[in-house]
Colleague: 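Here's a structure for you.
Reckoned from all heavy atoms, side chains included, excluding hydrogens, waters and symmetry mates. Keep in mind that this is a model prediction, so the values were computed, not measured. Each chain gets a letter, A, B and so on, in the order its sequence line appears, and its residues count up from 1.
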Amino acid sequence: MSERPDFSAFPDARGHFGQFGGSFVSETLMGALDELTAMYARLKDDPQFRADFDYDLAHYVGRPSPLYLAERWSKQLGGAKIWLKREDLNHTGAHKVNNTIGQALLAKHMGKPRVIAETGAGQHGVATATVAARLGLTCQVYMGAEDVERQKLNVYRMKLLGAEVIPVTSGSRTLKDAMNEAMRDWVTNVDDTFYIIGTVAGPHPYPQLVRDFQCIIGREAREQSLKQAGQLPDALVACVGGGSNAIGLFHPFLNDEGVAMYGVEAAGDGIETGRHAAPLSAGRPGVLHGNRTYLMEDDNGQIIETHSVSAGLDYPGVGPEHSWLKDIGRVNYVAADDQEALSAFRELTQVEGIMPALESAHALAYARKLAPTMSPDQNIVVNLSGRGDKDILTVAAIDGIEF
Amino acid sequence: MRRIESCFQRLADQKRKALIPFVTAGDPVKEVTVPLMHAMVDAGADIIELGVPFSDPMADGPVIQLACERALAHNTSTRDILDMVKTFRETNADTPVVLMGYLNPVEVMGYEAFAKAAAQAGVDGVLLVDLPPEEALDVKPLMDAQGLDMIFLVAPTTSDARIKLIGQAGSGYLYYVSLKGVTGSATLNVDEVASRVETIRNLAQLPIGVGFGIKDAESAQAVSRVADGVVVGSALVNQIAENKDTPNAINDAVGGILSAMRNAMDQ
């Protein structure tokens, strides 16, 4: 790369990151997106809005989240020191809530009494139902029928929180179909409904505003690194499905030239098998869910089904900013398969007493390979984006245990 | 003169309105589509909107979602659909054909390659529901160069400023989506449509087709009193779904509905 772009200047006014991003939606939604873009432009630097957001992050979410040195694991791997950004300690157990707090505040400002969301593993659904309960908003969550079956605990959590979970039976009955159905709901109820998208994908301005809300992760990690390690990290590692936890960690470091970044996609059964969820590693640019980005598609432009042991990474697209960061070479995108993620899940649990979400375990699996290639005076920050309690049944099933 | 423009001009001279059926190409099998196109013309269709199936039809209700699934079950591709139009053109030189669908199955071909192949096959226009004019700046000149009209949607939520922009960006006709929602949802409100169409007429020069919520001869007639064209989709695709195991019955089932609409509109 000859010259670094000014990362803060992206996306442009029409929501583009180079050739990626944009607003590819039907005309009915254009007005609502314009309204949201204008409202966000007005509020994002508004001192009161920022104060409200910061207050909720501190007192409701429990921020800042710790940056924890995994000393025993680092020694065992014999290389760089590994620091874990503990998003798993947030209220509701993952980074998702940083974003739902922000979008719920926007919904309140726009006077929308109803919120909808899509969810895969259920973490974003739970985080949306949580803020909806707190603000007294009606909440409906679209979830693939397949995922409703796989993630019964989170479905019940959402119901307890007062949300209605609507199983989606069209298409592949997973996250992408839940997003289609949420879009259909929004187009029908656009007057009174705010769509809380859970990741840095979707039409402009969502990739931008979700990124901005998640950047608290990287801002804290940067400050904590300087204070606790006495220097900036040498490498950042985060898992990438849609990519909201990764962009949240990466973005505040993009101008720090010495910081290498690794986004870890889900290789499922292995990239070579075709059964994976790694569009940046093995896909090509196309248009889905309102933005141009790398996609898993066939030669006819049809979206193909994905596979990952982690429901939260089981998505055929990725946030458009990641596509751009890949093409300009600022971030390295790699992949970890189901087996690697599962063994990292077990290892962290046994060595550090921290049970990671299977999504985050993909990042740990790559850090596990990276650390031994680096020296003990170097530092890696891994985003531990969520806790693993929700995945216990999945892991137990793999171990052949029934309850 | 392009086929769509001359079609609307001829209809205006005759003081008639355009009947514009939509069916998904390759639904339920590829062999059905070309004969069905001819049958629709015989039943009174003026322009045909041919749906290009997509795995993730976000703007469509269950009826057209299922049509996409049926067509994709045997891999109906954009190239297959261009072949269908080519075959249709062998015996029909006049009826405009518009491809309607989502961006990705077109983008994957490359826009220039698509535009050339579509024009060669005898396609007259494209309507890509997830491509608003702001995102079409690069695509439009390529379509224009091949004589293809780009048809854009106008929605109940579209501001006056946007209607002007869309009117300038598009050609052929404007497609007014009569209600907030997906295809095949509620029944439209004719008074509301009439007042919106009037607004659009004052802001844009193109003929106005109205779609979404037109289910029968009565609603087709009511809309034809205020708009230049009547688009009917889900009501026809329903007939295809009901006869999917007896494809020979499809032409009559679809043709029957269209004839009734044609008669009502011409009264």
Colleague: Flag the pair B:Lys180 / A:Thr188 as yes when at least one side-chain heavy-atom distance between them is below 4.5 Å, and no otherwise.
Modeller: no
Colleague: Please round to the nearest 0.5 Å and tell me the distance separating atom OH of B:Tyr102 and atom CD1 of A:Ile303.
Modeller: 12.5 Å
Colleague: Should we count CD of A:Glu272 as having more than 12 external heavy atoms under 6.0 Å?
Modeller: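 More than 12 within 6.0 Å, yes.
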Colleague: Does a side chain donor of either A:His204 or B:Glu134 reach within less than 3.5 Å of an acceptor in the other side chain?
Modeller: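 Side-chain D/A pair, A:His204 to B:Glu134: absent.
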Colleague: What part of B:Leu128 is in contact with chain A, defined as an atom under 4.5 angstrom from a non-hydrogen atom: side chain, backbone, both or neither?
Modeller: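 Neither; nothing under 4.5 Å.
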Colleague: Once you round to the nearest 0.5 Å, how far does CG of B:Asp130 lie from CG of A:Leu29?
Modeller: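 Nearest 0.5 Å value for the CG-CG distance: 11.0 Å.
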Colleague: Considering non-hydrogen atoms only, spot the tightest contact between A:Gly301 and B:Phe54 and give its length.
Modeller: O-CE1, 3.4 Å
Colleague: Keeping B:Asn104 on the side-chain end and A:Gly286 on the backbone end, is there a donor-acceptor pair under 3.5 Å?
Modeller: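 A pair under 3.5 Å: no.
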Colleague: Checking B:Asp80 against chain A: side chain, backbone, both or neither under 4.5 Å from a heavy atom?
Modeller: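 Contact with chain A: none, neither part.
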Colleague: Can you name the nearest heavy-atom pair linking B:Val108 to A:Asn300, along with the distance?
Modeller: CG1-C, 3.7 Å
Colleague: Provide the closest heavy-atom pair for A:Lys176 versus B:Ser55 in the form atom of the first, atom of the second, distance.
Modeller: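 Reported closest heavy-atom pair: NZ-O, 4.1 Å.
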Colleague: Under 4.5 Å heavy-atom distance to chain B, tell me which part of A:His289 shows up: side chain, backbone, both or neither.
Modeller: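 For A:His289, backbone and side chain are both near chain B.
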Colleague: Between B:Asp56 and A:Asn180, which heavy-atom pair has the shortest distance, and what is it?
Modeller: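 What the structure gives for the nearest pair is OD2-ND2, 2.8 Å.
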Colleague: At a 4.5 Å cut-off on heavy atoms, which part of B:Leu66 comes close to chain A: side chain, backbone, both, or neither?
Modeller: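 Neither the backbone nor the side chain of B:Leu66 comes within 4.5 Å of chain A.
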Colleague: Within the structure provided, determine whether A:Glu297 and B:Glu107 are in side-chain contact (heavy-atom separation under 4.5 Å).
Modeller: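 No. Closest side-chain heavy atoms not under 4.5 Å.
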Colleague: Between B:Leu72, B:Thr76, B:Val177, which has the largest tally of heavy atom pairs under 4.5 Å with chain A?
Modeller: B:Leu72
Colleague: Return the minimal non-hydrogen interatomic distance between B:Gln65 and A:Ser170, and the atom names on each side.
Modeller: OE1-CB, 3.4 Å
Colleague: Please determine whether the number of non-hydrogen atoms from other residues, nucleotides or ligands lying under 6.0 Å from atom NZ of B:Lys215 exceeds 12.
Modeller: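 Counting other residues, nucleotides and ligands, NZ of B:Lys215 exceeds 12 neighbours.
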Colleague: Got more than 12 heavy atoms from elsewhere within 6.0 Å of CG, A:Asp299?
Modeller: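 Counting other residues, nucleotides and ligands, CG of A:Asp299 stays at 12 neighbours or fewer.
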Colleague: Mind checking the CG-OG spacing from A:Asp34 to B:Ser159? Nearest 0.5 Å is all I need.
Modeller: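 Going from the CG atom of A:Asp34 to the OG atom of B:Ser159 covers 7.5 Å.
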Colleague: Ignoring hydrogens, what is the shortest heavy-atom contact between A:Arg292 and B:Leu103? Give both atom names and the distance.
Modeller: NH2-CD2, 4.2 Å
Colleague: Heavy-atom distance under 4.5 Å to chain A: side chain of B:Pro53, backbone, both or neither?
Modeller: backbone
Colleague: Set out, in order, the CA-CA distance, both residues' side-chain angles and the distance that settles side chain to side chain contact (heavy atoms under 4.5 Å, CB included) for B:Arg162 and A:Glu27, then state yes or no.
Modeller: CA-CA 10 Å; B:Arg162 282 189 63 80; A:Glu27 177 58 30; 2.7 Å; yes
Colleague: How many angstroms lie between atom CG of A:Asp191 and atom OG1 of B:Thr157, to the nearest 0.5 angstrom?
Modeller: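 The OG1 atom of B:Thr157 is 8.0 Å from CG of A:Asp191, to the nearest 0.5 Å.
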Colleague: Counting heavy-atom pairs under 4.5 Å to chain A, which of B:Gly61, B:Ala136, B:Gly181, B:Cys68 comes out on top?
Modeller: B:Gly181
Colleague: Under 4.5 Å between any side-chain heavy atoms of B:Leu137 and A:Arg14, yes or no?
Modeller: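 In contact.
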Colleague: Taking side chain as everything from C-beta outward and backbone as N, CA, C, O, which of these in A:Leu288 sits under 4.5 Å from a heavy atom of chain B? Side chain, backbone, both or neither.
Modeller: side chain
Colleague: Can you confirm whether more than 12 heavy atoms, excluding those of A:Glu305, are under 6.0 Å from its CD atom?
Modeller: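 Counting neighbours around CD of A:Glu305, 12 or fewer heavy atoms of other residues, nucleotides or ligands fall under 6.0 Å, so no.
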Colleague: Is a donor on one side and an acceptor on the other found under 3.5 Å between the side chain of A:Arg184 and the backbone of B:Ala59?
Modeller: no
Colleague: Got B:Glu135 and A:Ser23 here, is their nearest side-chain heavy-atom distance under 4.5 Å?
Modeller: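 Yes; the side chains approach each other to less than 4.5 Å.
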Colleague: Tell me whether B:Asp138 at atom CG has more than 12 heavy atoms from other residues, nucleotides or ligands lying less than 6.0 Å away.
Modeller: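 Counting other residues, nucleotides and ligands, CG of B:Asp138 stays at 12 neighbours or fewer.
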Colleague: Could you tell me whether A:Gln19 atom CD has more than 12 heavy atoms of other residues or ligands within 6.0 Å of it?
Modeller: yes
Colleague: Pick one of side chain, backbone, both or neither for B:Val154, based on which atoms fall under 4.5 Å of a heavy atom in chain A.
Modeller: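 Contact with chain A is through the backbone of B:Val154 alone.
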Colleague: Checking A:Val287 against chain B: side chain, backbone, both or neither under 4.5 Å from a heavy atom?
Modeller: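 Both the backbone and the side chain of A:Val287 come within 4.5 Å of chain B.
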